[in-house]
Amino acid sequence: MKRKIALLLSVLMLTGCGNLTQKDVPDSGSAGIVTEGMDGSGTSGSVSPGTEEISWRAAYNAMENRYYRVAVAGDAIYGCRQENSQVAVDYLERESLSVQKCFPLPDVFYVQSMAADGQGNVYLLENKGGDTVFWKLDREGDLQENPEITLEDTENAVFIEPRGVYADGRGHLYFHYRMSVPETEIPDREPNKDGIPNVYVDVDRIYVMDEQLNTLFYEQFLDTWETGLLSLQVSESEAPLLVVRDQEGIYVQEIDVEGKSLGEPVRQEDPASLSGGNSNLQMNHIAAVEGGFLFCLGSALYEYSFDTQRTEKLLNFLSFGIYTSDILYLGKSGEVIEIIDNHGDSTTELVSLEIGESEKVVLTLGVMELLQGLEAAVAEYNRYQQGVQIQIVEYYKDRSAQDGYERGSNQLTLDIVTGKAPDILDVSSVDYDVFAEKGVLADLYGFMQEDVDCSKDMLISSVIEAHETNGSLYCISPSFLLWTMWGARSVTGGRTGVTLEEMIQILQENGRGVSAIDGFAADEPALKTLCTFGMDEFVDWDNKTCEFDGEYFKSILRFVKDYKGGYPSGSRIESIRNKEILLTNGTISSVATYQLEKEIYGEEIGFIGYPTAEGSGTAVNFMGAKLAIASASKKQQEAWDFVKYYLQNGYDGQGFPLVKEQFNQVMARAMEEEYVTEDGVRSRVIKGSYWVGDGSIYVFAATQEDVDAVVQLVESASNRYRYHIELQNIIDEEVGGYLSGQRDLDEVVKVIQNKASLYLQE
């Protein structure tokens, strides 16, 4: 038993560790499973070459209703759903998924926990007005209500909260409660150091009861930031197991029901080695199967075998459009893995996954780490698209390593330039312009020329043109932000673009210095911002030359050294109203953002953009994942179909949509007055708010003039917000001595010029 518990703990530790270590990045289109030893080695994200290839077929079977709790008992499925503000429990035949019976639960608002035993009995738990209400529902449809459960030794307890009910196959019930009890009732608990009386501490209690709800015994565990009950595992045939954390680490104990006690704790000596250094252990969907356990790690499903003492990665849920957060039930029937989940707004579905050849075309998608918006697009595409399946290849694998992200980025770059990259790439974390001249990324304009559903003229032209490299477009995203600088119209004087000298002149004309600009942080962060928008002023990318020793770059360094920032009046809005802050630099992400800035400044505002020699100085940048297609991919058309899907369906309401039709819809909605009625009172919906200390500024429906101002700003944007990592590192390394007054300006710019020239010629 000790050995079995130790093996189980190894599996449980893996469920909270983030991603496992990946040795190799797969070639495009590879598929398989990963076999891992308990030393933590193996592959994460997608699959590695050289492993046994395996395919899975998925069948999606919709149930008649949508459920928020389910329990599986033999050949039956029980589901809890809301019906007319009350709860009803459906009994479904597992084979046909048809509802055989419906059991309304009078006066029940919400079932907090649900369990089933081996005999097909179902147990329901509700926290109602501070009291626990419990029901037993048998296969014949008899519903037994127990309006109150008697808990032993709670006379002095407060904040008693039921957390869950569990059932085994031997007629025992396990109730998990969280409560606060006096510190003096905790055995071996040292008194608090300050000697404060009547101190309460939080505990987790597991009450073990028989079918008549007679308490056989209970166990409790101190719940603090470093101690507490992590998991209770109950199956039909095995003894229940507790996973617990204390000051010394993590251990597992068996519940000996017959002996009314806990078995000997089996302590994990080095949990960090199994969890990848991640101490935030989270228990996720652990399901007992014959000879081992299924468990979820990130978006992947693994199985641990007691016989082989090995962990196998079975599949990635996203390949089948499944979120682990949507899973209501995880199990295995024979060789078929079964998932019951709620996906989107659809009804609850039973998803059956079995080994077999898939007719879908497999595309790989390489990411540093999967961003939420892209994850949603992958899941939806895989769930409902019939002919193609997207598999994720994650490059940022070893999150416990200090240089894990850098190593992942380097591997991604290497794979791109050597033609070994996945079919589709998220290039938001790399300088993809470097790849343009190497021809390793496909020009997306080529696909748009042949696609009547997604042509270039269907997109916001100023945004995609700003993202062009030598007239080609190598990546795209569903949404974008505007980066600019603005101030009161009375201050900006109607200017729409300024040089650094003109910006300083605006400040001087109004009696202020360079520190009257909000949004810069002092010294180096201000330098990064100005260089991000002004790098094209110093670098001739076509000829690979630069001019960092000229007067313009020197003037930027002088500006940065003089800039102090801060709010003289104590807050941003007060400093703006007192004319101590005259200009703001930052992002405009919506019409409401523009409206709020007008309210903050107290008058119409004008956008002057960042100081540049040409253009408006207003820049754009794609938000979230930026997708590109590898030139080496043999499935470029299928890859474009997914990129197009992401472009057309990936806008999540943040920033502005790139598709013109969606952009126009967002602008129209910004002018619509919306209302909500609560307690019979009808009020306008707030479009945006700004906290000012003693209250908030609210904005509602925009005017046509507001929308026109934002549209004009979008159309005028001609620059791309582009952070040049290597060049900025060269500048940052040398400029510190000048900013601190220890080095001469001419000396510093000379060194920067030499180093930057060498870099550009590499």
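Values below: every heavy atom of this structure, side chains too, minus hydrogens, waters and symmetry copies.
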**Request:** Run the numbers on S429 and Y405 for side chain to side chain contact (heavy atoms under 4.5 Å, CB included), then give the verdict.
**Result:** CA-CA 10 Å; S429 62; Y405 191 91; 3.1 Å; yes
Result for side chain to side chain contact (heavy atoms under 4.5 Å, CB included) between E734 and one of N729, V749, N754, V751 points to V751
*Evaluation steps, ring-ring contact (aromatic ring centres under 6.0 Å, His included), between Y381 and F642*: CA-CA 8 Å; Y381 196 78; F642 173 73; 5.1 Å; yes
d(T532 OG1, Q728 CD) to nearest 0.5 Å is 5.5 Å
Discussion item. Whether the Q704 and D708 side chains hold a donor-acceptor pair (N or O, under 3.5 Å, no angle test) is what I'd like checked.
Written reply: yes
- Can you tell me if E394 uses its side chain to pair, donor with acceptor, with the backbone of V367 under 3.5 Å? no
Here the gap from Y645 atom OH to C454 atom SG, rounded to the nearest 0.5 Å, amounts to 14.0 Å
- Task: State whether the side chain of E406 and the backbone N or O of D403 hold a donor-acceptor pair below 3.5 Å, judged by distance alone.
- Result: no
Any luck finding a side-chain donor-acceptor pair between S569 and R577 under 3.5 Å? no
Counting distance only, does the side-chain N/O of D443 pair as donor-acceptor with the main-chain N or O of L473 below 3.5 Å? yes
One should read off an interatomic distance between T618 OG1 and W483 CH2, to the nearest 0.5 angstrom, of 12.5 Å
Going by distance alone, is a donor N or O of one side chain under 3.5 Å from an acceptor N or O of the other, for S590 and T593? yes
Backbone of Q654 reached by a side-chain donor or acceptor of D652 within 3.5 Å: yes
Result for side chain to side chain donor-acceptor pair (under 3.5 Å) between K687 and one of E673, E674, Q595, E672 points to E674
d(Q753 CD, F553 CZ) to nearest 0.5 Å is 9.5 Å
- Going by atom types alone, do T584 and Y601 pair a side-chain donor with an acceptor below 3.5 Å? yes
Less than 3.5 Å apart, any donor N or O on the side chain of Q411 or D415 sitting next to an acceptor on the other?
yes
Self-check item: Working for side chain to side chain contact (heavy atoms under 4.5 Å, CB included), residues V430 and L425
Solution: CA-CA 10 Å; V430 296; L425 300 156; over 6 Å; no
Quick one: does H467's side chain have a donor or acceptor within less than 3.5 Å of a partner on F622's backbone? yes
Side chain to side chain contact (heavy atoms under 4.5 Å, CB included) evaluation trace for V560 with V735
CA-CA 10 Å; V560 170; V735 80; over 6 Å; no
So ring pair (Phe, Tyr, Trp, His ring centres under 6.0 Å) across residues 646-675, not counting sequence neighbours, yields F480-F656
Please tell me whether N621 and K626 have a donor and an acceptor in their side chains that are separated by less than 3.5 angstrom. yes
Note to self: Please tell me whether E501 and Q505 have a donor and an acceptor in their side chains that are separated by less than 3.5 angstrom.
What the structure shows: no
Between E375 and Y323, do the side chains contain an N or O donor and an N or O acceptor separated by less than 3.5 Å? no
Would you find a donor on one side and an acceptor on the other, under 3.5 Å apart, between the side chain of N585 and the backbone of T484? no
Modelled atom types, side-chain donor and acceptor of Q636 and S633, under 3.5 Å = no
(message) Quiz question: by atom type and distance under 3.5 Å, do the side chains of T703 and D706 form a donor-acceptor pair?
(response) yes
d(I600 CD1, I605 CD1) to nearest 0.5 Å is 9.0 Å
- Look at the rings of Y563 and F559 and say which category their plane angle falls in: under 30° parallel, 30 to 60° tilted, over 60° perpendicular. parallel
Exactly one of K579, K598, R489 clears salt bridge (charged side-chain N to carboxylate O under 4.0 Å, His left out) with E603, and that residue is K579
